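In what follows, every chain begins at residue 1, and chains take the letters A, B, ... in the order their sequences are listed. A quick note: this is a predicted structure, and the numbers were derived from the prediction, not measured.
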Amino acid sequence: MTIRIYNTLSKRKEPFEPIEAGKVRMYVCGPTVYDSCHLGHARSAVVFDVIARYFKAMGFDLIYVRNFTDIDDKIINRANQLGVDSRALAEKFIGEFHEDMDALNVERPTIEPKATDHIDPIIRLIEKLIEKGIAYLVDGDVFYSVDQFEEYGKLSGRKLKDMEAGARVEIDRRKHNSFDFALWKSAKPGEPAWNSPWGKGRPGWHIECSAMSTKYLGRTLDIHGGGKDLIFPHHENEIAQSEGAFGKPFARYWIHNGFININQEKMSKSLGNFMTVKEILKSYHPESVRLFLLSNHYRSPIDFNEKAIGEASVSLDKIYALLERLEEKFGLNSDSCDHPENDTFKEKFFQAMDDDFNTALGIGILFDLVRNTNRLMDENKDMISPEIKKMILSYRTQILEMGDILGILYESPKSYFDRKKNQSLQETSTDAALIEKMVKEREKARRQKDWATADQIRKTLIEMNIILEDRPEGTVWKVCN
RNA sequence: GGCGGCAUAGCCAAGUGGUAAGGCAGCGGUCUGCAAAACCGUUAUUCACCAGUUCGAAUCUGGUUGCCGCCUCCA
């Protein structure tokens with residue numbers, strides 16, 4: 001099977017053909033580290049994490065580069081506000097980013113370069129653009145001349161003459177064209193600065209990605225990704241810089257993920273409705289967050305609200321409940337796997353992923369499989385034949401393999417449910433020992449067929465947000481979602 | 001003003017030419033002392049609206065309406 005990818009450049013799905021057989025070179029724009037990361041960062045990271053996992057699962061040798069923009073106006077402003085060093089500020093938020101992404105089970109990219117570690121290649125690239133007459137120097141600033149790059153606008157589908165220049169931004173009169181952008185900014189007093197042929201200064205926003213992607217992945221990338229908002233001007237400018245300098249296609253496939261809304265409203269700093277990853281993880285399991293993020297296609301907008309994330313949480317419970325059921329029946333430890341005999345579900349799942357990483361469809365297939373497995377268990381309650389057992393174990397393996405691509409189902413069911421219990425009990429300051437005691441009392445009443453007492457205890461527990469399951473082996477209690 | 005996207009059941013959401021996945025919620029059933037969980041059945045003759053292409057369209061074309069994004073830093 002071939003992977004098909006929607007390419008922003010061509011506006012259609014195309015079969016993925018790597019430059020070098022069996023290899024994928026992918027560059028994704030990472031965060032500007034001036035603040036804690038929010039759900040939007042998480043979506044981008046999770047989406048490309050799943051893409052990376054899938055390429056690896058398909059046997060590709062993947063080099064995945066995701067940068068940190070650690071020098072920028074926003075960082076400088078923030079550092080000044082807080083009265084701290086801009087480097088220290090950037091380091092702090094890089095650390096936070098790693099913490100949050102690790103918590104979300106996002107695997108680290110192969111390389112995570114920082115702009116400030118690549119000032120030399122950035123300067124060399126700017127020099128090349130000046131040599132070629134594509135960039136020009138004005139008072140220590142270097143600008144890119146968009147008029148020198150005929151294909152400017154090809155990614156975002158804009159033409160220079162159609163855009164209302166400076167509609168919302170004051171035009172810098174020193175620019176030849178108002179869409180020219182800074183490659184190098186001269187330093188103002190007190191700002192962090194590096195020496196350059198044009199005096200002290202720092203790189204513009206876009207140039208770092210061109211310089212670093214070339215250094216680690218070559219002049220033509222297989223895949224370049226990021227949030228939709230980066231299409232213009234950031235990625236358009238990267239193309240202009242790299243193709244202007246090297247005369248080769250910059251990236252073959254452009255992948256862009258959609259935005260997150262909060263209660264139907266665009267999530268933004270100015271509206272003050274952004275959710276940080278840390279906040280969400282206080283109330284929800286990281287895998288619930290992943291399942292939520294992956295339940296819509298990556299290019300579609302996704303609305304974050306309590307109901308939606310709550311449903312993702314319930315769905316995840318359902319899968320873990322099945323895994324727990326299987327573990328109890330077959331005494332599996334979490335990593336025991338038989339080879340799938342009949343892996344039709346897995347095949348379907350992979351087909352879904354092949355079609356532009358359709359995780360929403362894939363999750364549907366996962367639930368189909370969960371239902372089928374539960375059914376097999378129900379139908380063979382009393383006696384499980386070796387054939388049926390083999391099939392059930394094969395289903396289990398397939399569930400875990402799908403989970404591996406989605407980055408979920410990494411916990412043992414026991415620790416998953418224990419963790420949920422503890423989190424919820426803490427929030428409501430309920431005592432687990434008390435619940436255990438009440439459950440025992442109820443079991444005693446049930447043995448004596450004292451249904452009235454038993455039902456009364458159950459009712460009280462429901463009011464405490466505790467739900468009971470009377471299984472053949474005994475009563476199990478869980479926390480309601 | 002320019003560019004682009006979306007509109008599928010009560011809700012969320014897949015589905016780009018062959019007769020509507022999956023989840024949540026609801027209802028009926030199996031199981032159960034009763035529940036819960038799980039499973040089974042059921043819930044869109046229909047995919048915003050109008051016209052067209054086609055043997056056949058949610059899927060293609062044209063138009064209408066509504067919502068949204070980008071064009072300024074943003075994942």
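Under the ring pair (Phe, Tyr, Trp, His ring centres under 6.0 Å) criterion, A:F55 pairs with A:F16, A:F60, A:F357, not counting sequence neighbours. With sequence neighbours excluded, the residues satisfying side-chain hydrogen bond (donor to acceptor under 3.5 Å, both in side chains) with A:E208 are A:N67, A:T69. Listed by chain and residue number, A:R174, A:S186 satisfy the side-chain hydrogen bond (donor to acceptor under 3.5 Å, both in side chains) test with A:D141 (two or more places apart in sequence, or in another chain). Checked against ring pair (Phe, Tyr, Trp, His ring centres under 6.0 Å), A:Y395 has the following partners two or more places apart in sequence or in another chain: A:F345. Taking A:F149 as the reference, nothing meets the ring pair (Phe, Tyr, Trp, His ring centres under 6.0 Å) condition, with sequence neighbours excluded.
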What are the atom names and distances for every N/O pair under 3.5 Å that joins the protein to nucleotides 13-15 of chain B?
{"unit_1": "B:A13", "atom_1": "OP1", "unit_2": "A:N296", "atom_2": "ND2", "d": "3.2"}
{"unit_1": "B:A14", "atom_1": "OP1", "unit_2": "A:H297", "atom_2": "N", "d": "2.8"}
{"unit_1": "B:A14", "atom_1": "O3'", "unit_2": "A:N358", "atom_2": "ND2", "d": "2.9"}
{"unit_1": "B:G15", "atom_1": "OP1", "unit_2": "A:N358", "atom_2": "ND2", "d": "2.8"}

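Heavy-atom distances to RNA chain B give each of A:K266 and A:S156 a nearest nucleotide, and the one nearer the 5′ end belongs to A:S156.
Applying the salt bridge (charged side-chain N to carboxylate O under 4.0 Å, His left out) test to residues at least two apart or on different chains, the pairs with a partner in residues 470-479 of chain A are A:E324-A:R471, A:E324-A:K478, A:E328-A:R471, A:R442-A:D470, A:R446-A:D470, A:E469-A:R471, A:E469-A:K478. For the ring pair (Phe, Tyr, Trp, His ring centres under 6.0 Å) condition, the pairs that include at least one residue of residues 298-329 of chain A, sequence neighbours left out, are A:F292-A:F304, A:Y320-A:Y416. The salt bridge (charged side-chain N to carboxylate O under 4.0 Å, His left out) pairs that include a residue from residues 227-240 of chain A number zero, where partners must be two or more places apart or lie in different chains. The salt bridge (charged side-chain N to carboxylate O under 4.0 Å, His left out) pairs that include a residue from residues 256-266 of chain A number zero, where partners must be two or more places apart or lie in different chains.
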**Prompt:** When you check every protein heavy atom under 4.0 Å of nucleotides 24-40 of chain B, what one-letter string (B, S, -) results, 5' to 3'?
**Reply:** S--------BBBBSBSS

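Interface residues of residues 34-44 of chain A facing RNA chain B, ordered by number: A:H38, A:G40, A:H41, A:S44; criterion, heavy-atom separation under 4.0 Å.
Distances were taken from every side-chain heavy atom of A:W205 (C-beta onward) to each of B:C70, B:A75, B:C73; the shortest belongs to B:C73.
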